[in-house]
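The structure under discussion appears below in the form of structure tokens.
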2 protein chains.
Amino acid sequence: MKKCIHNSLSDQVYTMLKEQILSGQLKGGMKIPEESLAEQFGVSRTPIREAVRRLSEYGLVTIKPRSYASVSTITEKEAEDIARVRVTLEQLAVDSIDEAGYLAHVKELSRFAADCQYAMGIGDRASVFEQDNLFHLALIKASRNSALISLYERLDAKIQQLRIAQNLNEHELSLCLAQHGEMMNLLKGGEKERCKALIHEHVFHRSIDLGAPR
Amino acid sequence: MKKCIHNSLSDQVYTMLKEQILSGQLKGGMKIPEESLAEQFGVSRTPIREAVRRLSEYGLVTIKPRSYASVSTITEKEAEDIARVRVTLEQLAVDSIDEAGYLAHVKELSRFAADCQYAMGIGDRASVFEQDNLFHLALIKASRNSALISLYERLDAKIQQLRIAQNLNEHELSLCLAQHGEMMNLLKGGEKERCKALIHEHVFHRSIDLGAPR
DNA sequence: GAACCCATCGTTGTATACAATGGACACACC
DNA sequence: GGTGTGTCCATTGTATACAACGATGGGTTC
């Protein structure tokens with residue numbers, strides 16, 4: 001019950017920069033000199049440096065030593081690579097979810113799925129993405145595998161970056177959202193293999209059961 | 001052909017601290033005050049901070065904000081979690097390896113496997129671990145999936161920490177090393193499913209084909 | 001006119017100084 | 001005696017100052 005209002009400046013800058021990158025306000029390739037950021041945020045270069053370095057660990061920023069830092073870009077190939085790993089991790093989560101983990105997170109899952117639908121209804125795309133992201137994070141957390149959770153959180157930034165770049169149309173998006181509910185049903189019924197296949201479809205937006213067992 | 005001798009102090013400190021942690025010189029739970037490290041390395045606190053923060057991103061150091069940083073410990077449960085994720089990632093790599101990736105890395109793989117055996121022969125345990133690690137990294141790299149590679153490198157630090165803590169006996173260790181060659185044969189023959197099963201056995205040191213298809 | 005070299009400037013990398021918070025100890029109070 | 005509280009100190013968080021390297025642009029030479 002501590003007052004966590006006093007986050008460090010470094011944290012605040014990190015959060016805001018991340019938002020700016022993921023919202024597209026800071027576009028891929030843009031240089032981000034420490035001094036100008038410091039001016040913009042009204043702090044010294046020290047917390048800026050820490051934030052930028054943390055972002056580089058998450059792959060959102062590329063640092064060229066002794067030269068400059070810039071917002072990372074994603075190539076087509078990288079996007080595919082990320083999706084492939086993402087599917088694998090989420091499938092591992094599904095495999096790992098047991099009764100207790102399911103019960104502990106089912107409320108969260110359904111809430112995020114619902115909020116997602118709601119945001120879709122009012123046309124709030126940013127919120128859709130946010131809730132969608134939370135849904136998948138909750139799925140991972142239900143695995144209760146700390147290493148899995150921590151690794152997925154690493155990928156998460158790039159996944160979000162991708163989600164934006166993908167720019168799905170209304171139809172595709174609503175199809176995706178419907179799959180959230182389907183996933184939960186399959187989970188509830190213990191139909192893990194079908195759930196894993198659905199996740200593949202969910203991420204790749206096409207119905208291939210690559211990776212599913214025969 | 002650039003002179004990369006001039007690594008930043010922050011990098012040097014990072015490397016040395018990582019070594020000290022992974023060699024067990026810095027034991028889990030030990031506090032690592034910035035100032036004493038700065039004194040020890042003969043640099044200011046700035047590069048120390050950057051190094052420690054980077055280590056915390058890799059899970060080797062735990063930072064308690066505004067209080068202190070300490071070397072992370074691994075619980076039994078975490079060890080299992082890490083192993084589970086590790087197996088999944090390496091299996092994904094095997095699935096992803098194509099002809100070109102195999103050819104590009106087969107030389108590396110056999111070299112590391114051989115160096116591993118050699119180090120085992122002369123009883124150089126540290127070197128065995130190092131080469132073993134390089135072997136598995138090469139396996140991952142053969143997938144040519146950048147996201148997979150980057151994620152695995154994140155886990156790698158913890159995997160190395162585990163390898164030390166595990167403290168396998170001579171018999172178990174030499175059994176493991178023999179499996180490297182076996183893996184390469186299976187890869188060469190394109191027997192991916194058997195290779196994936198072997199990887200599970202390799203990591204968990206017991207012959208269970210959990211995760212293998214039926 | 002093009003290529004190379006050199007100097008300057010801007011930016012990053014590091015050191016140091018200062019501010020602010022958390023922890024430990026001692027003391028008082030219950 | 002145990003618990004709560006207040007002060008002090010050690011350590012972190014941030015700002016600023018300085019050093020060192022890389023990039024850019026102009027001048028010289030072929």
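The figures that follow rest on heavy atoms only: side chains count, while hydrogens, waters and symmetry mates do not.
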(request) Would you indicate what K64(A) reaches in the nucleic acid, counting non-hydrogen atoms under 4.0 angstrom: base, sugar-phosphate, or nothing? (result)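 The answer is sugar-phosphate, as K64(A) gets under 4.0 Å only of primed atoms, P, OP1 or OP2.
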(request) Check the side chains of Q131(A) and Y118(A) for a donor-acceptor pair under 3.5 angstrom, ignoring hydrogens and angles. (result)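 Judged by distance alone, the side chains do not pair up.
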From [options], nucleotide with atom closest to [X] side chain:
| X | options | answer |
| --- | --- | --- |
| P47(A) | dA15(C), dC18(C), dA15(D) | dA15(D) |
| V43(A) | dA15(D), dA15(C), dT12(C) | dA15(D) |
| R66(B) | dT21(C), dA15(D), dT12(C) | dT21(C) |
| S67(B) | dG22(C), dC18(D), dG13(D) | dG22(C) |
| S8(A) | dT14(D), dT12(C), dT14(C) | dT14(D) |
| S44(B) | dT14(D), dT16(C), dA17(D) | dT16(C) |

(message) With side-chain contact (heavy atoms from CB on, under 4.5 Å) as the test, pick out the partner of I63(A) among R49(A), R53(A), E57(A).
(response)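 The residue from R49(A), R53(A), E57(A) that satisfies side-chain contact (heavy atoms from CB on, under 4.5 Å) with I63(A) turns out to be R53(A).
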(message) Does a side-chain N or O of R49(A) approach OP1 or OP2 of dG13(D) to a distance below 4.0 Å, or not?
(response)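 Looking at the OP1 and OP2 atoms of dG13(D), neither is under 4.0 Å from any side-chain N or O of R49(A).
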(request) Return no unless some side-chain N or O of R45(A) is found under 4.0 Å from OP1 or OP2 of dA15(D). (result)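 Checking dA15(D) against R45(A), no side-chain N or O comes under 4.0 Å of OP1 or OP2.
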(message) Among S56(A), S72(A), S70(A), which residue satisfies the side chain to side chain donor-acceptor pair (under 3.5 Å) criterion with T62(A)?
(response)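 The passing option is S72(A).
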(request) Apply ring pair (Phe, Tyr, Trp, His ring centres under 6.0 Å) to H202(B) and H136(B), showing your working. (result) CA-CA 11 Å; H202(B) 184 69; H136(B) 287 276; 4.9 Å; yes
